[in-house]
Number of protein chains: 2
Amino acid sequence: MRRPTISDVARAAGVSKGAVSYALNGRPGVSEATRRRILAAAEDLGFHADRAAVALAGAPARVVGLTLHRPARTLGVEPFFMELISGLEAELSLRSYALLLHMVAGREQETAVYRRWRHEHAVDGVLVCDLVEHDPRLPVLRELGFPAVVIGPPPADEPVSSVWSDDAVSLQEAVEYLAALGHRRIGHVAGIPDLAHTAIRAGAFAEHARRLGLEAAPCAYTDYTGPDGARATRQLLGAAGRPTALVYDNDIMAVAGLAVAEELGLSVPGDLSVVAWDDSPVCRIVHPALTALSRDIATYGRQAARLLLASLDGREAVGVAVEPAHLAPRASTGAPADARPSA
Amino acid sequence: MRRPTISDVARAAGVSKGAVSYALNGRPGVSEATRRRILAAAEDLGFHADRAAVALAGAPARVVGLTLHRPARTLGVEPFFMELISGLEAELSLRSYALLLHMVAGREQETAVYRRWRHEHAVDGVLVCDLVEHDPRLPVLRELGFPAVVIGPPPADEPVSSVWSDDAVSLQEAVEYLAALGHRRIGHVAGIPDLAHTAIRAGAFAEHARRLGLEAAPCAYTDYTGPDGARATRQLLGAAGRPTALVYDNDIMAVAGLAVAEELGLSVPGDLSVVAWDDSPVCRIVHPALTALSRDIATYGRQAARLLLASLDGREAVGVAVEPAHLAPRASTGAPADARPSA
DNA sequence: CTGAAAGCGCTTACAG
DNA sequence: CTGAAAGCGCTTACAG
């Protein structure tokens, strides 16, 4: 079964190859009647233009690339990436773009992949996750002239499009909520310290703790895994002036925190309130159900795809803020059993 | 910055384009010294062959496709797919193959994507997940002459390569373990009834329950989500002759089961033992930690990629069984508080 | 409004 | 062992 080519369509419609190309791409140069006849013939033959030929003739490859940095994230543990990809895909398929996925072990590997992709003409643009300060990937992308969209807060040092949700606002909402419940000592189990959004979250946490005059606002960094979240929880709860509430930077660590509380004989929320970032189905089904900062990750992905597609069309770099995560209060938070200041 | 082409390399090395192509592809026809000179020039210029040109000249696209069927699976909830993708990627990148991902809403859409991919020359072969009986995708793939690998048990009606882990063996291990602990009434919270591997698991469950002379072995089907797992749990625990142990077809439902037990005032494992399928970090951090059927999903993915790559090289369709999931006993299972038969 | 022709960047027989 | 030439399937000015 030979794949039908543009010549087959031309023959079937009784026109030249050029006419078929014009008709298929919706360009002027063919009459409406002819266009219809050509489209019917193409449909009839099940014609789809060979991607390689189209790309070689100068059209975009209609593929965007996403590299995922394995050690920086517990991919497969957090639902975040799968939901993000789901949103990206939804938008990309609308415009017949495909998503090329590549997992890498380090940031240097990532820039090598960008170079290869660019030279191979493999993708038209890339999505960039998990930015660090002075991220080395950005200058490479600029040097390559690669359209790119950062998923996360806009970097200060590079002009590049970005889609982000304002984590500082969400953090503020969580801290104010806990403070209103009467908590005076609130801890933060943060993610990987290098990541730009970790710095933003930790900064907002410290700022609002100060502003609200909290007694204590300790912060512990982690690698986002459950065991490390458990370790950080024990560390924060073991110190003098034990916090009565903890805010976690992902769902898996919050669940681990719940288990540590039980192990230490602390009731949740009586002795300890727990807030998870990035709400997920797991947050809803554990007992007690976790109060979480909830956002629409799929929509976040759609926006990112839309912005990248706009960049491919030559639009200027812009920053787009999506709706920040908002607090979904559930059973894991409440007034502290002892709201009086500790000795 | 113009991308270097094969002509640039030829000029730099002082040879013809043909010689460069031979040297780069490791084919005979150039002397060792010339080959080295050419490779050095290519390296020097940062040359990577344009994928479109290579593909158009007849070489494989070096891309394989994976479609993910959204409603059939709670993608992003189960770590399974992200880990599978991670394993696929690891193997594919070794051979410079890329992974093209596409999410679809239905099985008909999936076959349409296959046709388009084939005609567009977009991918060389595909990976197929979540087979149902007489899966409509398989005849289409055969008609298109598309190399494919099924991830899951080999279908009876189509000759196609498959990589699977023997779920019947794992189910047997779980049921025998629970029976040895003294359980006589064991329930099964199964996945989506249409899926081939659900039938295999449910069949094995019924068979071994009978063989071991269990008093009761009720099975409830679900859509793999936490809420539906909770519903199924309540259904099984609410019936006369309440089971003292439940086996769940994914981790998220097992976690939901834990919450339902607590809500009903049943202690785990005292009143109810819980076994999860597809071990995950969540299983290890909840309290009590979940006994789980554990397997190496990334390796599963690597095997699938390797088999597809072999098919692309023209090898015959084969079935490859990977190591089945084995029981990792943890705190959620134990002897039933009352091991005597109920009235 | 249509058709013939060049060109995209490779690969691969084929003649030297 | 090397070089010139055709061809993959499209797109796109360009002449009719």
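Residue numbering restarts at 1 for every chain, and letters A, B, ... go by the order of the sequence lines.
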Salt bridge present between [X] and [Y] (N-O < 4.0 angstrom):
X       : Y       : result
R36(B)  : E43(B)  : no
D135(A) : R137(A) : yes
D194(A) : R107(A) : no

Notebook entry, point to check: Counting heavy atoms not belonging to E32(A), are there more than 12 under 6.0 Å from its CD?
Noted result: yes
Checklist line | Given DNA chain D, 5'-ward residue of the pair A57(A) and P28(B), judged by closest heavy atom | finding: P28(B)
Whole angstrom value for the distance that separates [atom2] of [N] from [atom1] of [X]:
X       : N       : atom1 : atom2 : answer
I38(A)  : dC10(D) : CD1   : P     : 14 Å
N25(A)  : dA13(D) : CG    : C1'   : 15 Å
D50(A)  : dT11(D) : CG    : C1'   : 13 Å
H121(A) : dC10(D) : NE2   : P     : 17 Å
R51(A)  : dC8(D)  : CZ    : C1'   : 18 Å
L24(B)  : dC10(C) : CG    : P     : 9 Å
L56(B)  : dC8(D)  : CG    : P     : 9 Å
R36(B)  : dC1(D)  : CZ    : P     : 13 Å

Next item on the list: Find the partner of dG16(D): check Watson-Crick (N1-N3 plus N6-O4 or O6-N4) and G-U wobble (N1-O2, O6-N3) distances, both under 3.5 Å, and reply none if neither fits.
Entry: dC1(C)
Note to self: Categorize S31(A) for me: base, sugar-phosphate, or nothing, with a 4.0 angstrom heavy-atom threshold over every strand shown.
What the structure shows: sugar-phosphate
Notebook entry, point to check: If only side-chain N and O atoms of T34(B) are considered, is one of them under 4.0 Å from the OP1 or OP2 phosphate oxygen of dT2(D)?
Noted result: yes
Note to self: Just so I know, are the side chains of E120(A) and R62(B) near enough to count as touching, which here means a heavy-atom distance under 4.5 Å?
What the structure shows: no
Notebook entry, point to check: Any side-chain heavy-atom pair from V149(A) and V163(A) closer than 4.5 angstrom?
Noted result: yes
Next item on the list: Give the nucleotide from the list dC10(C), dT12(D), dT11(C) with an atom nearest to the side chain of Y22(A).
Entry: dT12(D)
Margin query: Quick check for you: to the nearest 0.5 Å, what is the distance between L39(A) atom CG and L24(A) atom CG?
Written below: 6.0 Å
Notebook entry, point to check: Where along residues 12-20 of chain A does a heavy atom come under 4.0 Å from DNA chain C, residue by residue in number order?
Noted result: V15(A), S16(A)
